Amino acid sequence: MSREELPKVYAPKDFEDRIYEFWLQNRLFEPSSAAGEPFTVVIPPPNVTGVLHMGHGLNNSLQDALVRYWRMKGRPTLWVPGTDHAGIATQQVVERRLAKEGKTRHDLGREKFVELTWSVKNEHHAVISRQLRKIGASVDWSRERFTMDEGLSRAVREVFVRLYEKGLVYKGYYLVNWDPEAQTAIADDEVEYKEVNGFLYHIRYPFADGSGSVQIATTRPETLLGDSAVAVHPDDERYQGLVGKLLKLPIADREIPLIADGFVDREFGTGAVKITPAHDPNDFEAGHRHNLPQINILNPDGTLGPNVPERYRGLTTVKARKLIVEELTELGLFVAQEPHKHQVGHGYRSGAVIEPYLSEQWFVRMKPLAEKALDALHQGEIRFYPQRWEHTYVHWMETIRDWCISRQLWWGHQIPVWTCQACQHDNVKTEAPQKCEKCGSSDLVQDTDVLDTWFSSWLWPFSTLGWPDKTPDLERFYPTSALVTAYDIIFFWVARMIMAGKEFTGKAPFRDIYIHQLVRDKQGRKMSKSLGNGIDPLEIVDEFGADALKFTLVYMSAQGQDILLDKEGFRLGSKFANKVWNASRYLLMNLPDEGLLDPEQLKWTTVDRWILTRLNTAIRAVDEAMASYKFNDVGHVIYEFFWNDFCDWYIEASKRDLSSDKVDQRRQAATKLLMVLEESLRLMHPFLSFLTEEISQKLPRHAPNLVTAPFPVVDTQREDQASAHAMQVLQEIVSGVRALRSEFTIPAEKELKVSLAVNPDAPERSFLHEEESLIRFFMNAESLSWTEMGTKLPGAVKVIGTGWEAHVFVKGMVDVPKEREKLKKTIEKTRKYVQSIEAKLANSAFTANAPAEVIQAERTKREEASSTLLRLEAYLADLG
RNA sequence: GGACGAAUAGCUCAGCUGGUUAGAGCGCCUGCCUUACACGCAGGAUGUCGGGGGUUCGAAUCCCUCUUCGUCCACCA
């Protein structure tokens, strides 16, 4: 028989790349053609601009675990990879590069700039796909997509046109969130509000007729230049009779009316508020109600524009604010300023202070889309894991506002609208028209704006599969099975994908939505470049291996909490991988020269049945945990089974057999060990992919690969609770004696004489007798004899457990007074325990109300504990 | 101003739909290089489960309330 060995040291670098290449060569990540319900996942496309950080590490590790699990379960499985063009972010990267050469995008021109951006995209894309390979992502590279692919771009245009034709896309002149740095409009959810320490400035506006003044309060004095009115509450008696009078706006030297409007809060400040329709959302509304002029005082770059007095033009708002205050002070109109905390919007990407800014933009009417998306949840078409994210989703859908989708950028999907220069008609088409559909003119100019990045990402689950065409992939793999993503993009992405899915395909794009945590550093801070606290997944792969990366993340990924990580944390996975490696290496080293036995030749002992029962339990637990996306449970189950059961007890127990001089015993042991190992490797493969594959290929009679090998199946036939219990008692006895040995620092090499007593009616009694030599082996006893419970053996120290006693002959080695103290403590503890059970059983309310099995369990516990207590007390008396 | 989440061993956290003498990893202490693994083995110590009420025969687990953190949402000038 062929014998292969594993290298002595677990060195993932020596095989991970080779194994990945092996998987690719055999096209194992492409969906099988088998019948049955497919399992589909689309990757949350990372921005092409960046490199993958630990958040992606977590996201992709979880997806990989999920996908590999279902693939092994036999479902035709597809994980679609791809990247996102990330409009603003990418454009910014390229512009910063240009800035280093002292250039702007305008120096290049649109065409050249976009060309350059494509090449930058290609560089980054190469890095990202290398990273995904390194971490072992089992994605189908043959189906990789990019949001600006021709196919996806067609989907974007198709969607725009359909929405336009339905009246759900419209163009309008509105107040939008303007990012002065990126010089584009952004959507409401792309604005992050941060609390800023500012001031509340009190200013007097004199009446035009010189009859006094009205005092207002504002956080932004510079917007005074754009004021169209001052408003008070209609019922505010302080201003009775004054409404309708004109005020003289300082500095701007314009006259503006004092108006009344119910939205004014009488309690705030003086109850009078300046109205700047072009620079405040509230004022914008109020301006509409009162037909006030909208005076835009800003340039696109955020400096003051042509509509302000000469001396203010070109100033930043910060400088202008200072100057205005100075000037007002000179005029005697400045009253006071007081410290004031308020929320200031910042760009999600650029971090720049966002200005409300009037401009013509394209919008999507969201209400009708949101209704369908809410239905999807209410009909049970989608499910959130953990469920509480439903609230967030519902709240967002219910309070949704129209979505500003046009961006004044060059990188992205140019809006498919061609405006006729002759008749101003907008031709909204999926492909460039030759002539205006209205007047026939061929003088058409395409809208220069591009669409919001999310306008392509929200189509991702079906555009990647070929939509709008009815491709075989779309038919087969849509809707997808699960979406795995972090909670920070529920609004941006998840919610919108559901809207798009329902609107354009009639189906929710996925059934399960697993929302995972954010990765933070040990201080709980978001990982970021500027803080320098990020962990590069590749660094972890390099140091610990991809399996350590994935396993650690899976193990730590409990629902709810964010994951706090530092590099050292990955030792957990690394150590476990090392353990699996060494256990496997040991078994391979001990393959008998005579070869393995056939399954039908095997004789299954109680210990064997115990490990099979444990294995079975582990498989069941993994299945259950995977079904409910409890990745951390999976990690714990696997870890415990492999380390605590298989290595610590089963392999240890087998050592005796493997070193036996009886051939059959060696072959029996080796064969069974290999069988359990082989199944364990399959069980662990989704979570420790490289190493299990590498080991598996060295096994005799191994599967061609583990990627598509069948996942272990729960088999109730091999479950044997009696064996499990018997083994548990054996473990207790062994641990008890070992503890005694350790307690009195009896050297491990010192062989003990032990005499065991077991309850005569205990079902495990015969097992313990049969496995006498095993027990002896585990506790390194030179002899093991049997006696009856309660026997007093001179020269022996007793270890007392539930249903058993072990006499250890250690005369002279044990510190008797210390032993007595310890015993007293144990007795005290046991007595309290017995008392608590007795109190419970004496309580008629308990016996009347508790279920029968609970009461029975309590009775059993009482019997066992009180019997143990009696024997402990007797022993104490013996000790004198 | 709303909503949600967290508070359990020195640290990071599991403990889901109530019934265990409350767990894991790391760290710490003791003894071991036992012919797979010192990334190891054997053993050990450590918790009034944030405070206060309540429901229940029974609460870390359910309800109320308070405190402290965190996140999201919201136009209060």
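Predicted model only: the values in this text are computed from it and were never measured. Below, read A as the first sequence line, B as the second, and so on, with proteins coming before strands; counting in each chain starts at 1.
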(request) Between B/A36 and B/U48, how far apart are the C1' atoms? Round to whole Å, please. (result) 45 Å
(request) For A/Y201 and B/A77, give me the distance from atom OH to atom C1', rounded to whole Å. (result) 14 Å
(message) Considering every strand and a 4.0 Å limit on heavy-atom distances, what is the contact class for A/E640: base, sugar-phosphate, or nothing?
(response) nothing
(request) Using the C1' atoms only, state how far B/A6 lies from B/A14, rounded to an integer number of Å. (result) 14 Å
(message) If we ignore hydrogens and angles and just use 3.5 Å, is the side chain of A/T552 paired with the main-chain N or O of A/A548 as donor and acceptor?
(response) yes
(message) Nearest to the A/N578 side chain among B/C37, B/A24, B/A36, which nucleotide is it?
(response) B/C37
(request) Give the C-alpha distance, both sets of side-chain angles, the deciding distance and a yes or no for salt bridge (Lys or Arg N to Asp or Glu O under 4.0 Å) between A/E828 and A/K825. (result) CA-CA 5 Å; A/E828 207 33 57; A/K825 271 190 192 167; over 6 Å; no
(request) Could you work out the separation of B/A60 and B/A7 based on their P atoms and round it to a whole Å? (result) 15 Å
(request) Using a 4.0 Å heavy-atom cut-off across all strands, classify A/D283 as base, sugar-phosphate, or nothing. (result) nothing
(message) Looking at A/K575, I'd like to know whether one of its side-chain N or O atoms comes within less than 4.0 Å of OP1 or OP2 on B/C26.
(response) yes
(message) By the 4.0 Å heavy-atom rule, please label A/T218 as base, sugar-phosphate, or nothing.
(response) sugar-phosphate
(message) Just the rounded figure in Å: distance from P of B/A77 to CG of A/D280.
(response) 9 Å
(message) Check whether A/D265 reaches the backbone of A/E267 with its side chain - one donor and one acceptor, N or O, closer than 3.5 Å.
(response) yes
(message) Let's see if you can work this out: which of B/U30, B/A14, B/G43 has an atom nearest to the side-chain heavy atoms of A/N632?
(response) B/A14
(message) Does A/K630 contact B/A14 through a side-chain donor or acceptor facing the base, at a distance under 3.5 Å?
(response) no
(request) Any strand is fair game: report the nucleotide pairing with B/A22 by Watson-Crick or G-U wobble, both distances under 3.5 Å, or none. (result) none
(request) Report the distance from atom CD of A/E858 to atom P of B/G18, rounded to the nearest whole Å. (result) 17 Å
(message) Suppose we define a pair by two distances each less than 3.5 Å, Watson-Crick or G-U wobble; what does B/U46 pair with here?
(response) none
(request) Measure from the side-chain N and O atoms of A/S654 to the backbone N and O of A/I651, and report whether any donor-acceptor pair falls under 3.5 Å. (result) yes
(request) Please tell me which of the listed nucleotides, B/A74, B/C57, B/G19, lies nearest to the side chain of A/N849? (result) B/C57
(request) Please state the P separation for the pair B/G10 and B/U71 - nearest whole angstrom. (result) 26 Å
(message) Nearest to the A/W643 side chain among B/U30, B/C75, B/G40, which nucleotide is it?
(response) B/G40
(message) Of the options B/G19, B/C16, B/U71, whose atoms approach the side-chain atoms of A/A850 most closely?
(response) B/G19
(request) Measure from CG on A/N582 to C1' on B/G40 and round the result to the nearest Å. (result) 9 Å
(message) Going by purine N1 to pyrimidine N3 plus the second Watson-Crick contact, or the G-U wobble pair, all under 3.5 Å, which nucleotide sits opposite B/C75?
(response) none
(message) Nearest whole Å is fine: how far is B/C72 C1' from A/Q517 CD?
(response) 17 Å
(request) Searching all strands shown, indicate the nucleotide that pairs with B/G70 (Watson-Crick or G-U wobble; both distances under 3.5 Å). (result) B/C4
(message) Looking at A/R776 and A/V754, would you say the former's side chain and the latter's main chain have a donor-acceptor pair under 3.5 Å?
(response) no
(message) Just checking A/Y555 against A/F576, ring centres under 6.0 Å apart?
(response) no
(message) Ring-plane angle category for A/Y10 and A/W581, please: parallel below 30°, perpendicular beyond 60°, tilted otherwise.
(response) tilted
(request) Could you please name the partner base of B/C41, counting Watson-Crick and G-U wobble pairs only when both distances are under 3.5 Å? (result) B/G31
(message) Please report the distance separating the C1' of B/A45 from the corresponding atom of B/C29, rounded so that it comes out in whole Å.
(response) 7 Å
(request) Report the nucleotide, chosen from B/A36, B/G25, B/C75, that has the shortest atom-to-atom distance to any side-chain atom of A/R401. (result) B/C75
(message) Using a 5.5 Å cut-off between ring centres and planes within 30 degrees, is A/Y833 stacked on the base of B/U21?
(response) yes
(request) Output the single nucleotide from B/C39, B/A36, B/G43 whose closest atom is nearest the side chain of A/I651. (result) B/A36
(message) Which nucleotide wins on minimum distance to the side chain of A/K829, given the candidates B/A42, B/U21, B/A77?
(response) B/U21
(request) Pick base, sugar-phosphate or nothing for A/N843, based on heavy-atom distances below 4.0 Å to the nucleic acid. (result) sugar-phosphate
(message) For the C1' atoms, the ones on B/G40 and on B/C4, what distance do you get once it is rounded to whole angstrom?
(response) 44 Å
(message) Side chain of A/A583 only, heavy atoms from C-beta on: which candidate in B/U30, B/C39, B/A36 is closest?
(response) B/A36
(message) Between B/U65 and B/A24, how far apart are the two P atoms, rounded to whole Å?
(response) 35 Å
(request) Rounded to the nearest angstrom, tell me the gap between atom CZ in A/F744 and atom C1' in B/C32. (result) 19 Å
(message) In whole Å, I'd like the distance from the OH atom of A/Y193 to the P atom of B/C75.
(response) 6 Å
(message) With a 3.5 Å limit on both atom pairs, tell me what B/U56 is paired to, counting Watson-Crick and G-U wobble, or say none.
(response) none
(request) Could you check which of B/A42, B/G40, B/A77 has an atom nearest any side-chain atom of A/H340? (result) B/A77
(message) Applying a 4.0 Å non-hydrogen cut-off, can you work out what A/E285 is touching in the nucleic acid: base, sugar-phosphate, or nothing?
(response) nothing
(request) Measure distances between side-chain N and O atoms of A/K8 and base N and O atoms of B/C37, and say whether any donor-acceptor pair falls under 3.5 Å. (result) no
(message) Check whether A/N582 reaches the backbone of A/N578 with its side chain - one donor and one acceptor, N or O, closer than 3.5 Å.
(response) yes
(request) May I have the distance from A/F384 (atom CZ) to B/C16 (atom C1'), rounded to whole angstrom? (result) 20 Å
(message) Suppose you measure atom C1' in B/G23 against the same atom in B/A9; what distance do you get, rounded to whole Å?
(response) 10 Å
